[in-house]
Amino acid sequence: MDKRLTRLPVVGDFMLTDTEGRFTETGLTVDGIRATLAVDDSAVRAQSEAIAQGDVLLKVENLKVYYPIKRECLVALPTM
Amino acid sequence: MFGRVTDHVKAVDDVSFNVYKGETLGLVGESGCGKTTLGRTVLRLLEATSGSVHFDGKDILALSTGDMRRLRREMQIIFQDPYSSLNPRLTIGHAISEPMLVHKLCDAKTAKARTLDLLEKVGLKAEHYNRYPHQFSGGQRQRVCIARALALNPKFIVCDESVSALDVSVQAQVLNLLNDLKKDFGFTYIFITHDMSVVRFMADRIMVMNKGKIEELGFTADVFAKPESQYTQKLIDAIPGV
């Protein structure tokens, strides 16, 4: 969570399966693989800023979606 | 039927924002905050009460049904539940090629060739073409749904909790796939999720919603490093640690 990763580690990073279905551990640790995949936040921010300087694809303005709450006037009265 | 309107549920309440070409905008918030309603309204799957939604310069809330149908090629959605979003009576080959045929983009032979290509792009095989949804795992079904969304070459995709129904190891694979496809095809995503760690990985900017309103909108790194709103801070604090 502290660092953005270029891709998320998956099971295949830690365990390989051969053609006969046998598992072999790759020896990689979670911290080790996270360190190799980590990207500097400033680089991510610079890339995002560049995108935000570009063209707008979707522009939403003052959008409201309201659903009415109705009170029924013909409600059955409880029987005595 | 004879009811009197006494009040309104404000599912989306006076929301304004932009999505830039090539961007992934993460839309986060608790269940019931209006994320899905907003995502579906910008695709005009739900009707807005008021406001405007411009897609590539066109006011989609003012488009006729025919014009909207043509525009739908460019706007797709990937739903949360891969189990219910595929027709159990259609083979996945049929499910993926159907949109191309409905929109008359190509003939059946070309649609099949493109479907086989899409299957490969999402990590499935040509031999899966004639199989039915029940013959796939949840992760594979979500890959089918992604391939179906890609079939029309959209510019813009709304991913509505698209990995929430999958187990964590499969979530990682599908998120990696969505990011790889974005690099390859240059999509623009609105990525709706209640999971802050997912948007940390996926999004360029984050928009936090609370009770139908935008609580905070900013670059992902900034929002995580220094959230402006107390509500956002609480969402970040609520991320489970390992």
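We use all heavy atoms of the structure for the numbers below, so side chains are in, but hydrogens, waters and symmetry mates are not. Every chain is numbered from 1, with letters handed out A, B, ... down the list of sequences. All of these numbers come straight from a predicted model, not from anything done at the bench.
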Let me know if [X] has heavy atoms under 4.5 Å from chain A in its side chain, its backbone, both or neither.
| X | value |
| --- | --- |
| B:Ala203 | backbone |
| B:Ile190 | side chain |
| B:Thr41 | side chain |
| B:Ser50 | both |
| B:Phe55 | both |
| B:Thr220 | side chain |
| B:Ile60 | neither |
| B:Asp222 | side chain |

Working to the nearest 0.5 Å, report the span between [atom1] of [X] and [atom2] of [Y].
| X | Y | atom1 | atom2 | answer |
| --- | --- | --- | --- | --- |
| B:Asp13 | A:Asn62 | CG | CG | 10.5 Å |
| B:Glu23 | A:Gln47 | CD | CD | 11.0 Å |
| A:Asp55 | B:Asn18 | CG | CG | 11.5 Å |
| B:Lys10 | A:Lys64 | NZ | NZ | 7.5 Å |
| A:Ile51 | B:Leu25 | CD1 | CG | 11.5 Å |
| B:His54 | A:Leu57 | NE2 | CG | 13.0 Å |

Taking the side chain as every heavy atom from C-beta outward, state whether [X] and [Y] have any atom pair closer than 4.5 Å.
| X | Y | answer |
| --- | --- | --- |
| B:Leu38 | A:Val65 | no |
| A:Leu58 | B:Tyr20 | no |
| A:Val56 | B:Val19 | no |
| B:Ser169 | A:Val11 | yes |

Do other residues, nucleotides or ligands put more than 12 heavy atoms under 6.0 Å from the [atom1] atom of [X]?
| X | atom1 | value |
| --- | --- | --- |
| A:Glu25 | CD | no |
| B:Glu228 | CD | no |
| B:Gln233 | CD | yes |

Heavy-atom pair with the smallest gap, counting every atom of [X] and [Y]:
| X | Y | answer |
| --- | --- | --- |
| B:Met202 | A:Arg4 | O-NH2, 3.7 Å |
| B:Ala172 | A:Pro9 | CB-O, 3.7 Å |
| A:Pro68 | B:His8 | CA-CD2, 3.7 Å |
| A:Leu63 | B:Val12 | O-CG1, 3.6 Å |

Can you check whether B:Phe219's main-chain N or O pairs, donor with acceptor, with A:Ser48's side chain at less than 3.5 Å?
no
Output yes when a side-chain donor or acceptor of B:Thr6 lies under 3.5 Å from a complementary backbone atom of A:Lys70, and no otherwise.
no
Let's test your reading of the structure: which of B:Val53, B:Thr188, B:Asn176 forms the most heavy-atom pairs below 4.5 Å with chain A?
B:Asn176
Looking only at heavy atoms and a cut-off of under 4.5 Å, which of B:Ala221, B:Gly212, B:Gly57, B:Ser52 has the most pairs with chain A?
B:Ser52
Given heavy-atom pairs under 4.5 angstrom as the criterion, report whether the side chain, backbone, both or neither of A:Ser42 touches chain B.
neither
Evaluate the criterion side chain to side chain contact (heavy atoms under 4.5 Å, CB included) for residue pair A:Ile69 and B:Val5; output intermediate values, then yes/no.
CA-CA 6 Å; A:Ile69 301 169; B:Val5 176; over 6 Å; no
Side chain to side chain contact (heavy atoms under 4.5 Å, CB included), that's the test. Do A:Leu8 and B:Phe201 meet it? Break it down for me.
CA-CA 8 Å; A:Leu8 294 170; B:Phe201 171 66; 3.7 Å; yes
B:Asp56/A:Lys59 ion pair, N-O < 4.0 Å
no
Side chain to side chain contact (heavy atoms under 4.5 Å, CB included) evaluation trace for A:Tyr67 with B:Leu46
CA-CA 11 Å; A:Tyr67 296 111; B:Leu46 294 174; 3.7 Å; yes
